[in-house]
Structure formats: C-alpha cells, structure tokens
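Here the structure is laid out as structure tokens; the discussion comes afterwards.
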Amino acid sequence: QEQLVESGGGLVQPGGSLRLSCTASGFTSDTYTIGWFRQAPGKEREGIACHSSRDGSTYHANSVKGRFTISRDNTKNTLYLEMKSLRSEDSAVYYCAANSVVRTGAGMCTQTISALHDYWGQGTQVTVSS
C-alpha cells in the first residue's frame, strides 16, 4: 500500500523540542517534492516547511523560520521535521505530503489542499503546553 505515515508527535513544554518523522511505503519518495503542513483548530492549514529534490530548494514559513528544519534521508525513504523552541501557537496536527508535479519548495508549501498532492499522511498531534 502506497502511503505516508507520520510519527513523533506528542506533548512538550514551551521551549522544548520534537522531531517528527514521515516514512513513505509502497513508493520511493526521493524524486518527489515533500513538505510539512499543520492545522490548528479554527485556523487555516499552513505549509510550514517544504523541500524539492528537483531544484534543491527549501522553504520555511516565517512562523517557523530559525526554529524548524526540514530534512530527508532517501536511504530510509523518510523525511523529518526538527522542531526547537516550541511555542503554544505551534500546537496543531502536523501532516506530511509528497508531490510529483510541484518543482519548488515554496510552491509545495502553497498547496495546502491535500487533494493536490500525490500522497498525504494521516497526521500527528503536537501539543505545546506546560
């Protein structure tokens, strides 16, 4: 079965760190543009970190720039989101996605509708609270 599966979410205190993982199965993700999105209750979905293997570009939203880092390990067919200095406003469900058409990281992160991507994960909850 072709799918993306996220893991690594949980409860963390403000100022803490988490690393999310997203493992692809049933397909090889190394040629796809990949990204992380998040959605908090009552808020619009936001593309926060995306990377293109086509042109090597990486995009991080202003809301996470300097605190979050996207990376990928093609040997493990996995992408990661390293999150540091977490804030209460980072609490959300985090999703990963893979797209075979979008060519740039910035372009990927603007596509917040899941149906626009080839693959969309089930989501993992991140809660930042003391």
Side-chain angles (χ1 to χ4, degrees):
Q1 183 178 2
E2 298 178 350
Q3 60 181 354
L4 294 172
V5 179
E6 301 99 336
S7 61
L11 174 64
V12 62
Q13 292 186 341
S17 301
L18 276 178
R19 187 177 78 159
L20 304 183
S21 301
C22 173
T23 300
S25 61
F27 73 102
T28 302
S29 64
D30 60 350
T31 60
Y32 286 72
T33 302
I34 50 91
W36 288 95
F37 299 78
R38 69 183 181 185
Q39 188 164 23
K43 294 188 177 180
E44 292 187 354
R45 186 175 294 164
E46 177 185 19
I48 57 171
C50 297
H51 175 263
S52 170
S53 61
R54 295 174 179 239
D55 68 355
S57 63
T58 298
Y59 169 86
H60 291 87
N62 288 335
S63 57
V64 305
K65 195 172 293 183
R67 300 186 300 121
F68 292 11
T69 303
I70 187 173
S71 63
R72 66 199 302 171
D73 185 341
N74 291 331
T75 65
K76 296 181 178 179
N77 218 15
T78 298
L79 65 120
Y80 302 98
L81 184 68
E82 192 76 39
M83 305 186 294
K84 300 179 180 180
S85 301
L86 283 160
R87 307 166 180 167
S88 58
E89 55 263 38
D90 295 318
S91 296
V93 178
Y94 285 70
Y95 303 90
C96 61
N99 193 303
S100 63
V101 176
V102 175
R103 300 186 64 84
T104 68
M108 177 73 173
C109 271
T110 65
Q111 305 289 346
T112 59
I113 298 174
S114 59
L116 295 176
H117 301 290
D118 297 271
Y119 302 99
W120 184 269
Q122 85 287 353
T124 186
Q125 176 72 48
V126 172
T127 302
V128 185
S129 175
S130 56

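This is a predicted model, so every value here is computed, not measured.
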Same cluster for Ile48 and Leu18 if Ile/Leu/Val/Met/Phe/Trp/Tyr side chains link at under 4.5 Å? yes
Let's go through Ile34 and Ile70 carefully: what are the C-alpha distance in whole Å and the side-chain angles of both, what is the deciding distance for side-chain contact (heavy atoms from CB on, under 4.5 Å) to 0.1 Å, and is it a yes or a no? CA-CA 9 Å; Ile34 50 91; Ile70 187 173; 3.5 Å; yes
Go through it in stages, so that I can follow the logic: the residues are Thr112 and Glu44, the test is side-chain contact (heavy atoms from CB on, under 4.5 Å), and I'd like the CA-CA distance, side-chain angles, deciding distance and then a yes or no. CA-CA 9 Å; Thr112 59; Glu44 292 187 354; over 6 Å; no
If every non-hydrogen atom of Gly105 is compared with every non-hydrogen atom of Ser57, which pair is closest and at what distance? N-OG, 3.0 Å
His51 vs Leu79, side-chain contact (heavy atoms from CB on, under 4.5 Å): CA-CA, chis, key distance, verdict: CA-CA 10 Å; His51 175 263; Leu79 65 120; over 6 Å; no
Please name all residues satisfying salt bridge (Lys or Arg N to Asp or Glu O under 4.0 Å) with Glu46, sequence neighbours left out, ordered by chain then number. Arg38
Can you sort out the partners of Arg67 under salt bridge (Lys or Arg N to Asp or Glu O under 4.0 Å), two or more places apart, ordered by chain and number? Asp90
Main-chain N/O of Thr69 paired to Trp36 side chain as donor or acceptor, under 3.5 Å: no
Start with the C-alpha gap between Tyr59 and Thr104, add the side-chain angles, then the distance that decides, and say whether side-chain contact (heavy atoms from CB on, under 4.5 Å) holds. CA-CA 8 Å; Tyr59 169 86; Thr104 68; over 6 Å; no
Pairing residues for Thr78 by the side chain to side chain donor-acceptor pair (under 3.5 Å) criterion, not counting sequence neighbours: Thr23
A side-chain contact here means heavy atoms from C-beta on lying under 4.5 Å apart; do Met83 and Leu20 qualify? yes
For Lys84, enumerate each residue passing the side chain to side chain donor-acceptor pair (under 3.5 Å) test, keeping only those at least two apart in sequence or located in another chain. none
Can Val12 be reached from Val93 by stepping across I, L, V, M, F, W or Y side chains whose heavy atoms are under 4.5 Å apart? no
Within the distance-only criterion (no hydrogens, no angle test), does the side chain of Glu6 pair as donor or acceptor with the backbone N or O of Cys96 below 3.5 angstrom? yes
Are Trp120 and Leu4 co-members of a hydrophobic cluster defined by side-chain heavy atoms under 4.5 Å apart? no
With no hydrogens and no angle check, do the side chains of Gln39 and Tyr95 hold a donor and an acceptor under 3.5 Å apart? no
Which atom pairs, one a donor and one an acceptor, fall under 3.5 Å between side chains of residues 24-31 and the rest of the protein, sequence neighbours left out?
from: Ser29; atom 1: OG; to: Asn77; atom 2: OD1; distance (Å): 2.8

Less than 6.0 angstrom from the centroid, inside 45 degrees of the normal: does Arg45 satisfy that with respect to the ring of Phe37? no
Partners meeting side-chain contact (heavy atoms from CB on, under 4.5 Å) with Val101 (sequence neighbours left out): Asn99
Can you check whether Met108's main-chain N or O pairs, donor with acceptor, with Thr33's side chain at less than 3.5 Å? no
